[in-house]
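One structure is given here, and the rest of the page talks about it.
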Amino acid sequence: MDYDELADLYARQYRDYKDDLEFYARLAEQAEGPVLELGAGQGRVALYLARRGVRVWALEPSAAMRSRGEEAGRDLPVRWLAADMRDFDLRQRFPLIIAPFNALMHLYTLADQNAALERVAAHLAAGGVFAFDLYNPLRIRADGALRLEGRYDGLEVYYHQEHHPATQRLLTHYLADEAVPGGALRRRRYTLDQRYFTRYEVERWLAAAGFEGRLAGGFYGEPFTPNSPWMVWTARRVS
Ligand SMILES: C[S@@+](CC[C@H](N)C(=O)[O-])C[C@H]1O[C@@H](n2cnc3c(N)ncnc32)[C@H](O)[C@@H]1O
């Protein structure tokens, strides 16, 4: 999915989202060497790590997302890469590869998922860790109702969701309203298209590529339950 159109909305929605930062920072501190982030967006995580002295390679296909990150992190040790996680070759191995905040929900087919994991395996150093977090699909409550998502500097954002269980697809439709000079209301519409993973689907996907995955229900090692907000995975190569 192309995030170019979503970049401005995304910047406003997630400016204050920090729940996952310490989790990825802890892993980065334990890793020796640079960290590779897949789907790095505007650098929400990459810049946080870089401010702590971690060298980060930030892979992001959307020019609008990437340019915001490049601008914000001009003096930081982040190397931005315009690439797709299904098809990249950096000729370098990393002790830690991360895909924070649902980035893997943009792998829509089994072929996409396998291609990305094959690329992860090819770029992970011996003993390295692949860590990512995904929405817990057991929490999806897509009843179609329109809800207020938030207010951001004069922008009022509503959303409704469409859940397609047969294809594990979740469509989030946003309506972003803003008063423009002259007194008119400008409404923009955006759709976020995500394909969710189930718990054992992730486990099987990882195992088939020689990884053992450990699942937590939050960023501090909480047990995974039906009510957990996240599936937080850390995976290592075992074969
Ligand atoms: C939900 S955002 C997460 C951004 C960032 N990781 C964060 O935590 O703020 C998902 C990102 O994945 C990127 N993305 C989508 N498809 C991708 C692909 N095939 N390869 C790499 N990145 C992709 C999007 O452009 C978007 O920036």
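Computed from a predicted structure; not experimentally measured. Counting starts at 1 for both ligands and their atoms, in listed order.
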Put together the list of close N/O pairs, under 3.5 Å, between ligand 1 and the protein, could you?
residue  : atom   : partner : partner atom : Å
ligand 1 : 6 (N)  : Glu37   : OE2          : 3.0
ligand 1 : 6 (N)  : Gly39   : O            : 2.7
ligand 1 : 6 (N)  : Pro100  : O            : 3.3
ligand 1 : 8 (O)  : Arg44   : NE           : 3.4
ligand 1 : 8 (O)  : Arg44   : NH2          : 2.8
ligand 1 : 9 (O)  : Tyr10   : OH           : 2.8
ligand 1 : 9 (O)  : Arg44   : NE           : 3.0
ligand 1 : 19 (N) : Asp84   : OD1          : 3.0
ligand 1 : 19 (N) : Asp84   : OD2          : 3.4
ligand 1 : 20 (N) : Met85   : N            : 2.8
ligand 1 : 25 (O) : Glu60   : OE2          : 2.7
ligand 1 : 27 (O) : Glu60   : OE1          : 2.7
ligand 1 : 27 (O) : Glu60   : OE2          : 3.3

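The side chain to side chain donor-acceptor pair (under 3.5 Å) contacts involving residues 127-137 comprise Tyr24-Asp133, where partners must be two or more places apart or lie in separate chains.
Partner of Leu107 under the side-chain contact (heavy atoms from CB on, under 4.5 Å) criterion, chosen from Leu117, Asp112, Leu38: Asp112.
Residues passing the salt bridge (Lys or Arg N to Asp or Glu O under 4.0 Å) test with Glu29, sequence neighbours excluded: Arg52.
In this structure, a donor-acceptor pair under 3.5 Å is absent between the side chains of Gln42 and Tyr3. Glu162 and His173 share a side-chain donor-acceptor pair at under 3.5 Å.
Residue Leu148 is found in a hydrophobic cluster whose other members, listed by chain and number, are Leu146, Tyr158, Leu175; membership requires side-chain heavy atoms under 4.5 Å apart, directly or through intermediates.
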